[in-house]
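The structure appears below as structure tokens.
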Amino acid sequence: MSELPKAYNPKEAEPEIYRRWLASGYFNPDSLPAAGPEAYSISMPPANATGVLHMGHAVMIAIQDILIRFERMSGKRTLWLPGTDHAAIATQNVVEKELKNGGLKRHDLGREEFLKRVDVFVRDSQTTIRRQIQTLGASCDWSRERFTLDEGLSAAVRHAFVELYRDGLIYRGDRIVNWCPKDQSTLADDEVEYVEKKTPFYYFRYGPVVIGTARPETKFGDKVIVVHPNDKRYDKLVGTSFDVEWILGPIRAAVIADPAADPGLGSGALTLTPAHSFVDFELAKKHGLEILPIIGHDGRLTDAAGPFKGMKVQEAREKVVQILKAKGLIERIDENYVHHLSVCYRCGTPVEPLVSKQWFVAVDQPAKRLRGRSLKQRALEVVVKNEVAFVPERFADVYRQWMENLHDWCISRQIWYGHRIPVWYKDDQVHVGTTPPGTGWKQDEDTLDTWFSSALWTFSTLGWPDQTKDLKVFHPTSVMETGYDIIFFWVARMILMSTYLLGEVPFRTVYLHGLVRDRRGRKMSKSLGNGIDPLVMAEKYGADAVRLSLVIGTTPGNDQRLYEEKIASYRNYANKVWNIARFLALQDSTPTVGPAGGSLADRWIQSRLHALIRDVTKDLKRFRFSSAAERTYAFVWHEFADWYLEIAKVEKNIALAREVFGAAITLLHPFMPFVTEHVWTKLALGKKVLMVADWPAANPALIDPRSESEFASLQQRIMALRQERKKAGVLTRTMVVRLKKDDPAWDHQAIVERLARVRLAAA
RNA sequence: GGGUUCGUAGCUCAGUUGGUUAGAGCGCCACAUUGACAUUGUGGAGGUCAGAGGUUCAAAUCCUCUCGGACCCACCA
């Protein structure tokens with residue numbers, strides 16, 4: 001032990017410790033020796049198969065590992081299930097980009113060959129992700145690792161689809177959807193982002209009215225003018241039709257009345273572009289009007305645009321404006337109009353609202369299995385009734401507001417990578433089922449939205465639809481821990497699916513962490529180059545330091561700023577823990593005879609320890625990780641090391657020092673698993689690995705306010721003497737302080753003299 | 001437009017249901033090195049808790065407004 005190096009070297013120690021944990025088998029709840037009947041489980045949010053772990057993942061791993069280790073040490077049968085998500089669009093994009101570099105498109109390879117390429121990429125990526133998660137010390141059960149495209153999970157997806165379809169909750173329909181012309185796929189509402197962009201806004205004369213638009217190129221097929229029924233200006237026009245001069249010559253325009261038109265806005269009249277506007281599409285359907293696509297799925301104009309056919313949107317726009325200008329139909333142009341442009345959240349391409357055949361989950365449809373309530377109603381109910389609790393609570397409101405406004409969920413995507421929709425066609429027959437009904441049937445070309453499969457994650461990973469033992473024991477999972485930015489994408493959809501398919505919530509509590517930002521509060525991003533790589537930091541300062549820096553000084557649901565010095569300061573802390581262990585290792589631990597019941601310092605440190613155990617345990621149960629970590633940090637460094645160990649150099653109660661230190665690093669273990677496990681072994685503090693040591697129990701009998709206040713006065717006395725010495729300028733040598741005979745400092749003469757670096761003398 | 005959130009020491013942030021003198025880390029200043037640790041120790045400076053008003057015996061904490069920052073949702077033909 002005396003050959004322990006002066007400084008802790010995490011880079012050397014950590015991989016070895018992780019190997020020992022793996023070898024112990026204790027990551028797997030089935031081999032936990034001391035586990036009681038109570039189960040505790042967390043589904044690790046599956047990392048995207050595209051890649052590389054960032055600080056957001058590190059936060060998630062740190063927090064979940066804290067919960068898991070705490071519960072495991074508390075005797076629960078603890079499962080933390082890791083995995084990866086195929087992240088269809090994102091992954092396909094990456095591989096397509098690679099192909100593009102070689103001058104290829106996916107259609108050059110064909111579906112099968114392309115998917116093979118994706119598989120190779122994904123397998124490689126998964127290996128990286130696995131190693132990264134391990135580097136951070138995650139005590140998850142690798143024997144249960146899952147991937148959303150595994151055979152088992154794919155079967156779950158098909159099963160879920162078929163069940164929902166048979167219950168009338170999935171349908172195929174003609175709908176206007178957000179279409180990304182670049183990804184060649186639809187996007188869900190929340191996959192669309194809005195960016196502000198200055199675009200010219202045109203006012204055109206259209207017969208008797210003036211219409212405004214930022215999209216002139218979509219207006220070829222506008223044949224209907226809508227006005228408000230109470231708008232007197234247009235009273236006489238409603239129900240009539242007449243010829244108006246338009247882009248390609250005169251067209252017949254009809255006037256209808258609908259309250260959707262706002263009389264106060266512009267001229268109070270609008271023309272309908274049914275195939276390229278959500279509002280117009282609904283109106284057109286309502287009034288039974290023709291829906292004529294002007295823009296195709298390739299982002300180019302269709303036959304309906306006559307001579308403009310095949311032209312790209314931007315080009316067509318300029319041409320249309322030129323023509324209308326030449327015809328004198330332009331009223332005016334607002335060049336400074338700030339437009340909220342819809343763009344694809346993956347690639348940033350402007351989204352086209354287009355009409356197409358898609359599959360939908362009906363969220364408002366009453367369901368027999370939910371006793372007549374809809375998916376949406378049930379998903380709202382579980383949160384309102386607190387069957388699912390949010391931490392922090394305010395996100396329950398955010399969730400509720402969003403769920404109330406949820407529209408039917410478009411689940412089909414026109415990409416290759418992902419779960420193929422389990423629908424087969426033959427002639428004019430359609431079969432929905434987990435397998436084709438016979439030969440000659442052709443499967444639907446589309447794949448499912450990635451979130452459809454991740455919505456099943458908490459139970460598909462446990463073997464559903466089979467009623468496995470794991471499913472019974474570990475579902476509902478205990479906690480879902482993830483970033484608040486995916487409440488809608490993921491959390492809400494898991495609740496939707498689980499409450500329907502299993503009739504139970506997917507998790508009892510949702511804990512949401514905030515985003516990790518840079519020192520200036522900006523989002524970390526590749527383009528800004530301001531990202532801090534968790535693995536580079538772990539390499540430099542140790543995984544323990546990275547984890548602690550992500551936990552201390554943060555509160556649930558709030559963003560945090562991270563910078564390297566913060567991580568470095570916790571590296572120093574790990575080193576402190578290490579050096580305490582070094583000191584203890586060098587001492588003779590044979591118990592020394594002290595005062596009965598222990599010295600004042602003994603009683604004090606035990607009182608402080610047991611108060612700490614009580615407080616940290618309470619903090620962890622309430623998800624107050626920062627508080628728990630800070631308390632432990634302060635205790636180890638500023639109470640145990642700074643005071644108790646200094647006194648131990650006088651009183652020599654090394655046996656108690658070891659005992660207290662052992663308990664303290666047990667409390668610290670969920671936060672800093674590596675260094676604590678390391679010194680636990682080096683000091684031979686227990687028989688088992690620390691990872692499965694018993695969580696300490698607070699003994700209220702040892703919490704002793706009288707000893708604490710008595711010790712506090714001793715500390716005050718010592719600090720006052722240190723100040724006196726500093727004031728006197730006696731710096732290097734021991735100063736003589738004259739005290740009266742009845743001064744209480746005499747009771748602890750040796751301690752006072754050593755800690756204050758003074759010599760006491762009789763006055 | 002609807003909603004959420006933040007504004008506490010130079011910097012990054014804690015502050016549990018309102019309750020002694022508002023805390024931590026980093027940074028700063030001064031000093032300390034023969035035996036756990038300079039990735040250290042000791043002492044110190046530094047805050048009218050964004051501003052105004054209100055509720056209360058008592059407000060960083062609750063309410064209202066103002067100023068400033070961030071985010072989410074919706075969306076203008």
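Proteins get letters first, then strands, A, B, ... in listed order; numbering begins at 1 in each.
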Which is true for [X] with a 4.0 Å heavy-atom rule: it touches a base, it touches only sugar-phosphate, or it touches nothing?
X       : result
R624(A) : base
A214(A) : nothing
Y563(A) : base
V279(A) : sugar-phosphate
E646(A) : base
I580(A) : base
H638(A) : sugar-phosphate
F201(A) : sugar-phosphate

Look at [X] and [N] and indicate whether a side-chain polar atom (N or O) is within less than 4.0 Å of OP1 or OP2.
X       : N      : result
T555(A) : A14(B) : yes
K6(A)   : C37(B) : yes
Q723(A) : G44(B) : yes
N572(A) : U40(B) : yes

Requested in this report: Taking side chain to side chain contact (heavy atoms under 4.5 Å, CB included) as the test, write out the residues that go with V391(A), two or more places apart.
Outcome: T509(A), Y511(A), P556(A), F623(A)

Query raised in the report: Which sits closer to the 5' end of RNA chain B, K576(A) or Q560(A), going by the nucleotide each is nearest to?
Result: Q560(A)

Report task. Starting at the 5' end of RNA chain B, write a dot or bracket for each base, bracketing those in Watson-Crick or G-U wobble pairs whose two distances are under 3.5 Å and using | for partners on another strand. Result -> (((((((..((((.....[...)))).(((((.......))))).....(((((..]....))))))))))))....

Query raised in the report: Taking the six-membered ring for Trp, is the centroid-to-centroid distance between F204(A) and Y206(A) below 6.0 Å?
Result: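 Between Y206(A) and F204(A), which both carry aromatic rings, the centre distance is not below 6.0 Å.
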
Query raised in the report: Angle class for the F661(A)/F640(A) ring planes (parallel below 30°, perpendicular above 60°, tilted otherwise)?
Result: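 Aromatic pair F661(A)/F640(A) classed parallel.
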
Report task. Could you label the plane-to-plane angle of the Y633(A) and Y570(A) rings as parallel, tilted or perpendicular, counting under 30° as parallel and over 60° as perpendicular? Result ->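 The arrangement is perpendicular - the two ring planes meet at more than 60°.
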
Query raised in the report: Has the side chain of R571(A) got a donor or acceptor that lies under 3.5 Å from a partner of the other kind on the base of U39(B)?
Result: yes

